Amino acid sequence: MMKRNHSANMLRLYPLMGVMMYLLLGMVWIIYSDHWLLMLTDSPEQLNRYQTYKGLFYIGLTGILAWLLLRQHQKLTESLHASEQAFSQTFDHAAAGIAHISIRGQFLRINPHFANMLGYSPAEMLDMSFQQITHPADLEHDQQQFDQLRQDIIASYTLEKRYFNKAGNIIWVKLAVAKVLEASDGTPYFIAVVQDISAQKLAEQQLLESELRFRTLLDNAPQISVQGYDEFGTTIYWNRASELIYGYSKEEALGRSLLDLIIPIEAHSEVRKAITFMAEHAEPIPAEELTLRRKDGSLISVFSNHAVVKLPDKTPQIFCIDIDLTERKRQAKELAFLAEFDPLTQLPNRQHFSNRLSSAVKLAKRNQQFLAVLILDLDHFKDINDSFGHQTGDSLLLQVSERLNLCCRETDTLARLGGDEFVFLVEQLAQPEDAARVADKILQQLHTPFALGQQNDVNVAASVGICVYPVHADSAEALLQGADAALYRAKADGRNTYSFYSDSLTLQARQRLLLEQRLRNAIKQNHLTCYYQPQLDITSGRIIGAEVLLRWIDPVDGIISPDTFIPLAESSGLIHPIGLFVLQQACRQGQAWQIAGLSNINLAINVSAQQFNKGDLQHQTTRILQETGFNPACLELEVTENALMGDEEDVIKTMMELRAMGIKLAIDDFGTGYSSLAYLKRLPLDVLKIDRRFIENLPEAEDDQSIAKAIIDLAHNLRFKVLAEGVETAEQLAFLRQQSCDYYQGYFFSKPVPASEFAELLRKQRRLQQNPTD
Ligand SMILES: Nc1nc2c(ncn2[C@@H]2O[C@H](COP(=O)(O)O[C@H]3[C@@H](O)[C@H](n4cnc5c(=O)[nH]c(N)nc54)O[C@@H]3COP(=O)(O)O)[C@@H](O)[C@H]2O)c(=O)[nH]1
């Protein structure tokens with residue numbers, strides 16, 4: 001600025017200096033030129049002539065000088081005029097507003113653009129100052145800048161500010177102000193270049209508002225989680241819903257990798273690939289359902305949409321818009337549950353049960369098994385509802401469902417048909433009557449009184465209707481109808497009972513259950529005992545042992561045959577305590593005989609298929625042998641062919657373990673089962689017992705002869721001993737002896753007898769051995 005002022009002052013001095021120079025040269029010329037002429041000549045004419053030349057030269061020289069100066073002046077005037085015109089043109093037609101402003105802020109000169117911008121005419125504006133039309137909020141800053149410029153503290157300034165136009169509306173402008181000095185007198189004034197940026201400001205404002213609107217929307221959408229990531233997966237945006245859904249606050253999330261935040265480890269590599277793809281191609285991957293991880297480690301299902309925002313000259317930003325599916329899934333699950341389950345008891349409903357029953361019927365058909373449908377209806381439930389109210393009624397139904405659940409095996413299905421009606425599906429029944437056992441169990445369960453609110457002892461009874469596939473019906477629908485019909489029969493029979501679809505089965509089932517109850521009592525009251533049927537060596541005729549056969553001695557009915565109660569014991573599970581009892585009593589008796597000095601006899605005990613396949617026969621036998629001290633080498637376990645039909649490897653393993661203990665193994669009722677020779681060959685057997693059905697018609701029946709011979713040969717080839725059972729005649733015995741059968745048992749020698757009688761037979765044999773003449 002100082003430099004510029006200095007140059008302007010210098011310029012102003014140039015004319016004065018020129019005149020001074022001219023005066024100096026003129027004076028030198030006037031004073032010395034005559035001297036110089038006198039030095040050239042002494043002649044007055046010549047001097048006169050030279051003075052004339054000198055005068056002409058002076059006129060010529062100053063004329064040229066004046067011409068040069070005038071020409072220069074003319075050029076300058078023209079140039080000034082041209083530049084003034086150019087300036088005016090620029091000033092008047094500039095696309096920006098231009099104003100000259102006095103040091104007080106008064107407009108000195110206004111171009112039309114500026115005046116137009118504010119809705120005034122240039123003339124109107126000349127009476128105004130910038131302070132008058134500046135928005136009060138922007139005036140202080142503008143004035144400050146202006147003052148600093150005026151005091152030469154700054155050379156120029158720019159700012160954005162608001163003017164009021166003539167109509168009173170706000171005009172946003174960008175202002176550039178510089179100070180200049182009047183060329184003529186150096187008076188300072190200011191040039192302001194003004195650009196109308198209202199449109200830009202409006203756009204900015206709109207953008208800001210739009211951004212704010214979207215940000216507010218995104219920040220406050222409660223269930224739409226929006227997260228932004230850069231091309232490396234670093235979090236750059238995290239809205240409020242993301243905080244709620246994933247558990248990380250915005251501060252915790254920003255700057256961290258999305259992998260560390262919400263991606264389960266197993267999905268890391270896939271997500272990394274997806275981010276790279278979106279960043280490189282600037283396009284989103286398809287929306288999908290994802291399982292993500294919350295801060296507490298729990299998993300959350302979301303429907304995830306992706307958007308890639310690509311701004312010019314910027315790397316793409318990836319946005320994930322996740323919708324929490326938890327509630328939706330819960331609702332869907334609830335709906336699915338309600339479609340198939342009863343909301344009160346949580347049991348399957350009629351629809352679910354019908355589907356399940358249809359599949360079960362198909363399976364039973366394929367496997368040729370029995371299955372039963374039992375419909376249960378609470379007796380007088382309506383009275384409970386009416387007396388205590390529906391809430392109490394619901395509470396009872398809930399308690400009933402809990403108790404009914406206790407009656408279910410894993411393979412059974414319990415459902416609520418509606419109201420006070422429940423239904424059971426019992427599969428894989430050994431026999432139709434067994435369904436009565438389930439019904440009985442149900443009725444027993446309901447016998448204990450219920451606690452309902454204030455009422456502690458509410459007695460509830462039920463009726464059960466039973467329909468069995470394929471005995472009564474062969475489709476799901478018919479089974480349900482049959483069970484319903486049977487239910488009415490049970491109600492008609494006086495309630496608190498069960499009834500089958502057919503009377504005969506009801507009778508049979510009730511008798512079986514009665515017998516089962518009696519058997520339980522017999523076990524408790526020690527009405528079971530072991531009988532012993534001697535087994536003899538065919539060649540020597542000596543008793544080598546006995547088959548232990550169970551007897552139920554009922555105080556009223558006398559001896560009840562095992563054929564009657566063993567199948568019942570097997571289907572009711574009572575065979576396990578019974579089998580254990582036989583093993584214990586026989587070993588204890590065998591040991592007692594041994595101690596009494598009766599020979600080292602072999603005791604053959606029947607083991608049912610259930611006992612054999614349960615898996616703890618080895619442990620039970622070991623324990624009993626230890627407890628009684630009975631010699632394992634004197635113990636023989638008899639299993640039927642059917643008992644060996646389980647998993648081949650398991651069967652062989654059990655047999656091997658028993659064998660390793662020194663116990664002998666016999667296969668009972670041989671020839672009635674389905675065991676293959678290849679399988680038989682692998683079994684660690686000692687004795688093969690020919691079923692008495694192949695003995696009873698010997699020696700007459702040729703086919704039985706052939707069978708007996710074949711079995712004996714086969715057993716010997718496999719290095720087993722052979723025992724024939726059911727030998728009743730001397731002819732049978734003779735035939736078997738002829739065929740080299742090793743042992744026999746049967747009524748020919750003795751029926752099964754109590755322990756005391758068998759001991760007497762042993763004593764008799766001992767006496768005979770000692771005194772053969774007796
Ligand atoms: N799991 C268990 N099963 C046992 C047990 N005790 C017996 N049983 C099985 O019950 C079925 C019937 O037995 P039971 O009425 O004792 O009949 C046996 C013998 O009395 C009978 N027998 C013997 N000799 C003759 C004869 O000459 N004639 C004739 N008509 N019957 C005779 O045979 C039965 C023995 O059979 P088996 O066991 O196949 O050797 C029977 O299946 C027993 O197995 C037990 O404790 N557990």
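Along the sequence shown, the residues carry numbers beginning at 1. Atoms within a ligand are numbered from 1 in the order they appear, just like the ligands themselves. The shown structure was predicted, so the numbers you read here are calculated from the model rather than taken from an experiment.
Contacts with ligand 1 closer than 4.0 Å are made by no heavy atom of Glu696, backbone or side chain. Contacts between Leu550 and ligand 1 below 4.0 angstrom, taking non-hydrogen atoms only, involve backbone and side chain alike.
Summary of contacts: the protein heavy atom closest to atom 21 (C) of ligand 1 is Arg692 NH1, 3.5 Å. Protein heavy atom at the shortest distance from atom 38 (O) of ligand 1 is Glu547 OE2, 2.8 Å. The protein non-hydrogen atom at the shortest distance from atom 3 (N) of ligand 1 is Asn606 CB, 3.6 Å. Protein heavy atom in closest approach to atom 12 (C) of ligand 1: Asp563 OD1, 3.4 Å.
Side-chain atoms of Asp377 and Ser463 form no donor-acceptor pair, as typed in the model, at a separation below 3.5 Å. Residues Glu547 and Asn606 have side chains that bring a donor and an acceptor to within less than 3.5 angstrom of each other.
Here His576 pairs with nothing under the ring-ring contact (aromatic ring centres under 6.0 Å, His included) rule; sequence neighbours left out.
Glu570 does not count as a contact of ligand 1, since none of its heavy atoms falls under 4.0 Å from the ligand.
In the candidate list Gln533, Arg551, Gln585, Arg551 is nearest to atom 16 (O) of ligand 1, counting heavy atoms. For the residues Pro562, Ser561, Ala724, the heavy atom positioned nearest atom 8 (N) of ligand 1 is part of Pro562. Taking all heavy atoms of Ile578, Leu549, Ile559 into account, the minimum distance to atom 43 (C) of ligand 1 is reached by Leu549.
Residue Asp669 has at least one heavy-atom neighbour below 4.0 Å for each of these atoms of ligand 1: 39 (O). Close contacts of ligand 1 with Glu725, meaning ligand atoms under 4.0 Å from a residue heavy atom, involve 37 (P), 39 (O), 40 (O).
Between Pro562 and Leu549, every side-chain heavy-atom pair lies at or beyond the 4.5 Å cut-off.
Residue pairs that meet the ring-ring contact (aromatic ring centres under 6.0 Å, His included) test with at least one member in residues 687-722, sequence neighbours left out, do not exist here.
Counted within 6.0 Å of CZ on Arg719, heavy atoms from surrounding residues, nucleotides or ligands total 12 or fewer; the atom is thus considered open.
Atom CG of Leu617 and atom CD of Gln610 lie 13.0 Å apart (nearest 0.5 Å).
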